[in-house]
Amino acid sequence: MGILLYELVGSDERRPFSPHCWKIALALAHKGLSFEGRPTRFTEIADIENGVTKTVPLIRDGDRLIRGSFAIALYLEEAYPDRPTLFGGEGGKAMARFVERWSQLTLHTFIGEAALVDIHGLLGPEDQVYFRESREARFGKPLEDVPADRETRLEDFRATLAPLRTLFRHQPFIGGEGPLFADYIVAGALQWARVASPFPFLAPDDPVADWFGRCLDLHDGLARRVPAAA
């Protein structure tokens with residue numbers, strides 16, 4: 001039996017959208033490990049595996065349960081050392097931790113606000129109630145007001161991608177000639193945006209868009225199989 005991956009979905013279980021779950025789907029594919037995605041909605045998370053977690057991703061590997069995307073990636077690296085590496089050594093782990101913090105503070109902040117209403121639209125009625133209440137409490141304003149300025153903030157967001165843009169002049173992936181978990185961290189954030197919202201986060205001629213296209217094609221097009229939001 002393969003690894004079980006609990007991944008976040010909305011009303012359409014064929015469209016997982018969580019950036020953290022996508023990191024792990026790509027990491028599992030990178031390791032060449034067979035896995036089964038278990039579609040899980042926001043209001044179902046508390047009931048999975050006897051309430052062991054409040055968030056996904058969560059994986060079950062035999063009798064082991066591991067939660068949290070970075071912890072899962074570390075587990076996969078240690079449990080399957082003979083499979084392709086996700087980090088390339090201790091330095092790669094340290095680099096990935098930096099990329100994780102940068103992605104959370106920079107990419108997730110803007111994407112999460114700009115796509116907020118679009119994400120709400122992906123959800124079923126019960127999840128919509130939960131999502132609206134929790135996000136309006138977080139932001140202190142009506143859900144629809146949060147992304148109202150996304151057009152005016154877009155160029156500033158794209159400017160924050162300059163480190164990646166210049167990096168890809170020298171190498172095709174963050175990990176070098178091939179992808180590492182650091183690539184999947186950033187690709188997961190952009191896949192979240194791609195699946196959840198039709199808003200043009202990336203300019204078509206951006207080298208970051210080219211890199212993201214390469215990530216979508218990895219592992220027999222695993223990420224590309226889920227269509228972009230229309």
Asks: Does a donor on one side chain and an acceptor on the other come within less than 3.5 Å for Glu7 and Ser18?
Replies: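 Distance-only check fails for Glu7 and Ser18.
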
Asks: List in chain and number order the residues that pass salt bridge (charged side-chain N to carboxylate O under 4.0 Å, His left out) with Glu177, two or more places apart in sequence or in another chain; answer none if no residue qualifies.
Replies: none

Asks: Mind checking side chain to side chain contact (heavy atoms under 4.5 Å, CB included) for Gln104 and listing every partner two or more places apart, or none if nothing turns up?
Replies: His20, Lys23, Glu100, Arg101, His108

Asks: Suppose we screen for side-chain hydrogen bond (donor to acceptor under 3.5 Å, both in side chains). Which residues come up paired with Thr43, at least two apart in sequence or across chains?
Replies: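 For Thr43, the residues satisfying side-chain hydrogen bond (donor to acceptor under 3.5 Å, both in side chains) (neighbours in sequence not counted) are Asp127.
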
Asks: Only counting residues at least two apart or in another chain, list the ones meeting side chain to side chain contact (heavy atoms under 4.5 Å, CB included) with Leu167.
Replies: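 Scan of Leu167 (side chain to side chain contact (heavy atoms under 4.5 Å, CB included), adjacent residues dropped) gives Gln171, Ile174.
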
Asks: Residues in side-chain hydrogen bond (donor to acceptor under 3.5 Å, both in side chains) with Thr40, at least two apart?
Replies: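 Per chain and number, Thr40 pairs via side-chain hydrogen bond (donor to acceptor under 3.5 Å, both in side chains) with no residue.
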
Asks: Side-chain polar contacts of residues 218-227 - donor-acceptor pairs under 3.5 angstrom, sequence neighbours left out - could you list them?
Replies:
unit_1: His219; atom_1: NE2; unit_2: Tyr184; atom_2: OH; d: 2.9
unit_1: Arg224; atom_1: NE; unit_2: Asp217; atom_2: OD1; d: 2.7
unit_1: Arg224; atom_1: NH2; unit_2: Gly213; atom_2: O; d: 3.2
unit_1: Arg224; atom_1: NH2; unit_2: Asp217; atom_2: OD1; d: 3.1
unit_1: Arg225; atom_1: NE; unit_2: Asp220; atom_2: O; d: 3.4
unit_1: Arg225; atom_1: NH2; unit_2: Asp220; atom_2: O; d: 3.1

Asks: Flag the pair Phe168 / Trp211 as yes when their ring centroid distance falls below 6.0 Å, and as no otherwise.
Replies: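 Centroid separation for Phe168 and Trp211: below 6.0 Å.
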
Asks: Applying side-chain hydrogen bond (donor to acceptor under 3.5 Å, both in side chains), name anything that partners Asp145, two or more places apart in sequence or on another chain.
Replies: none

Asks: Which residues satisfy the side chain to side chain contact (heavy atoms under 4.5 Å, CB included) test with Thr160, sequence neighbours excluded?
Replies: Thr106, Phe157

Asks: Going by side-chain hydrogen bond (donor to acceptor under 3.5 Å, both in side chains), name the residues that satisfy it together with Arg165, two or more places apart in sequence or in a different chain.
Replies: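 Applying side-chain hydrogen bond (donor to acceptor under 3.5 Å, both in side chains) to Arg165 gives Asp206.
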
Asks: List the residues meeting salt bridge (charged side-chain N to carboxylate O under 4.0 Å, His left out) with Glu126, not counting sequence neighbours, and say none if there are none.
Replies: none

Asks: Among Leu33, Ile24, Leu4, find the one that has a side chain to side chain contact (heavy atoms under 4.5 Å, CB included) with Ile59.
Replies: Ile24

Asks: For residues Ile48 and Leu58, determine if any side-chain heavy atom of one lies less than 4.5 Å from a side-chain heavy atom of the other.
Replies: yes

Asks: Partners of Ser11 by side chain to side chain contact (heavy atoms under 4.5 Å, CB included), sequence neighbours excluded?
Replies: none

Asks: Pairs of donor and acceptor atoms involving the side chains of residues 112-122, under 3.5 Å and at least two apart or interchain, shall be tabulated with distances.
Replies:
unit_1: Glu113; atom_1: OE1; unit_2: Arg153; atom_2: NH1; d: 2.7
unit_1: Glu113; atom_1: OE1; unit_2: Arg153; atom_2: NH2; d: 3.2
unit_1: Asp118; atom_1: OD2; unit_2: Arg150; atom_2: NH1; d: 3.1
unit_1: Asp118; atom_1: OD2; unit_2: Ser197; atom_2: OG; d: 2.7

